[in-house]
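Structure first, commentary second.
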Amino acid sequence: MELTILSTALGLCIAGAVFPWISAEVVLVGAVVALPPGWGAMAVVTCAAGQVAGKVGIYGLVRGAPERLPERAASLLSRAEGLASRPRLLAAAVLSGSAVALPPLYLITLASGLARLPLALFVGAAMTGSLLRYGALVWGVGMLGMGGAG
């Protein structure tokens with residue numbers, strides 16, 4: 001049962017990384033509530049990994065074929081190429097976007113691909129931020145005495 005819940009959460013978080021109307025936070029809370037006590041940390045890691053895996057897919061598409069972006073997105077992100085010379089700043093934006101959603105991680109993912117931010121730096125920053133964000137959320141769920149957060 002636990003593996004079914006976690007694998008479903010993983011799939012939904014991957015989809016949520018691509019389709020912003022699927023909330024990874026709602027998926028995570030649902031998984032934590034459905035899981036028995038002690039499974040909260042595993043839910044955090046699973047959902048963070050799913051979210052980052054989905055963003056890596058977007059990053060890879062943009063990095064590999066930036067000309068395939070819709071014209072509106074390409075014009076909005078044309079400034080991202082200037083960030084290529086500042087990978088630490090872009091990595092900090094990835095960390096911030098994944099930890100507190102400011103700036104939105106979706107846009108930062110597009111910019112990271114266009115600016116060719118090293119993949120390891122992108123994944124490390126996105127995973128760290130996601131683990132912090134989701135860990136705090138599960139901690140809050142645990143404080144309410146709900147599900148597998150404890």
Side-chain angles (χ1 to χ4, degrees), residues 2-35 39-81 83-84 86-142 146-149:
E2 290 84 4
L3 293 179
T4 300
I5 293 168
L6 290 174
S7 61
T8 301
L10 176 68
L12 287 170
C13 285
I14 291 170
V18 177
F19 305 108
W21 56 85
I22 300 172
S23 171
E25 291 83 356
V26 171
V27 171
L28 174 61
V29 170
V32 168
V33 169
L35 287 166
W39 283 80
M42 184 60 79
V44 167
V45 171
T46 299
C47 287
Q51 187 72 191
V52 172
K55 295 299 186 202
V56 166
I58 294 167
Y59 165 96
L61 286 172
V62 171
R63 185 173 176 162
E67 69 280 353
R68 297 189 74 128
L69 280 175
E71 187 176 320
R72 182 173 175 207
S75 67
L76 287 172
L77 295 169
S78 63
R79 291 178 245 153
E81 292 174 358
L83 294 172
R86 303 179 74 185
R88 289 184 183 180
L89 178 62
L90 192 51
V94 172
L95 178 65
S96 173
S98 60
V100 294
L102 289 173
L105 185 56
Y106 200 93
L107 293 177
I108 293 301
T109 299
L110 296 173
S112 297
L114 286 174
R116 298 191 175 283
L117 180 69
L119 180 61
L121 196 54
F122 176 80
V123 170
M127 193 66 177
T128 300
S130 294
L131 288 170
L132 289 170
R133 180 179 185 169
Y134 297 159
L137 183 60
V138 169
W139 176 81
V141 169
M146 299 169 61

Spacing of CG belonging to Leu95 relative to CG belonging to Leu105, to within rounding of 0.5 Å: 10.0 Å
Side-chain (Thr8) to main-chain (Thr4) donor-acceptor, under 3.5 angstrom: yes
Minimum-distance pair of heavy atoms, taken over all atoms of Leu90 and Ala115: CD2-CB, 3.7 Å
Side-chain touch Leu132/Thr128, heavy atoms, less than 4.5 angstrom: yes
Beyond-backbone contact of Thr109 with Phe122, side-chain heavy atoms, under 4.5 angstrom: yes
Would you give me the side-chain donor-acceptor pairs under 3.5 Å for residues 42-65, sequence neighbours excluded?
residue	atom	partner	partner atom	Å
Thr46	OG1	Met42	O	2.7
Gln51	NE2	Cys13	O	3.3
Lys55	NZ	Ala17	O	2.8
Tyr59	OH	Arg63	NH1	2.6
Tyr59	OH	Leu117	O	2.1
Tyr59	OH	Leu119	N	3.4
Arg63	NH1	Leu117	O	3.3

Distance-minimising heavy-atom pair for Ser112 and Val94: OG-CG2, 3.4 Å
Interatomic spacing from CG in Leu137 to OG in Ser130 - rounded to 0.5 Å: 12.0 Å
Validation row: Val29, Val138 side chains within 4.5 angstrom (heavy atoms): no
Any side-chain heavy-atom pair of Val100 and Arg133 under 4.5 Å: no
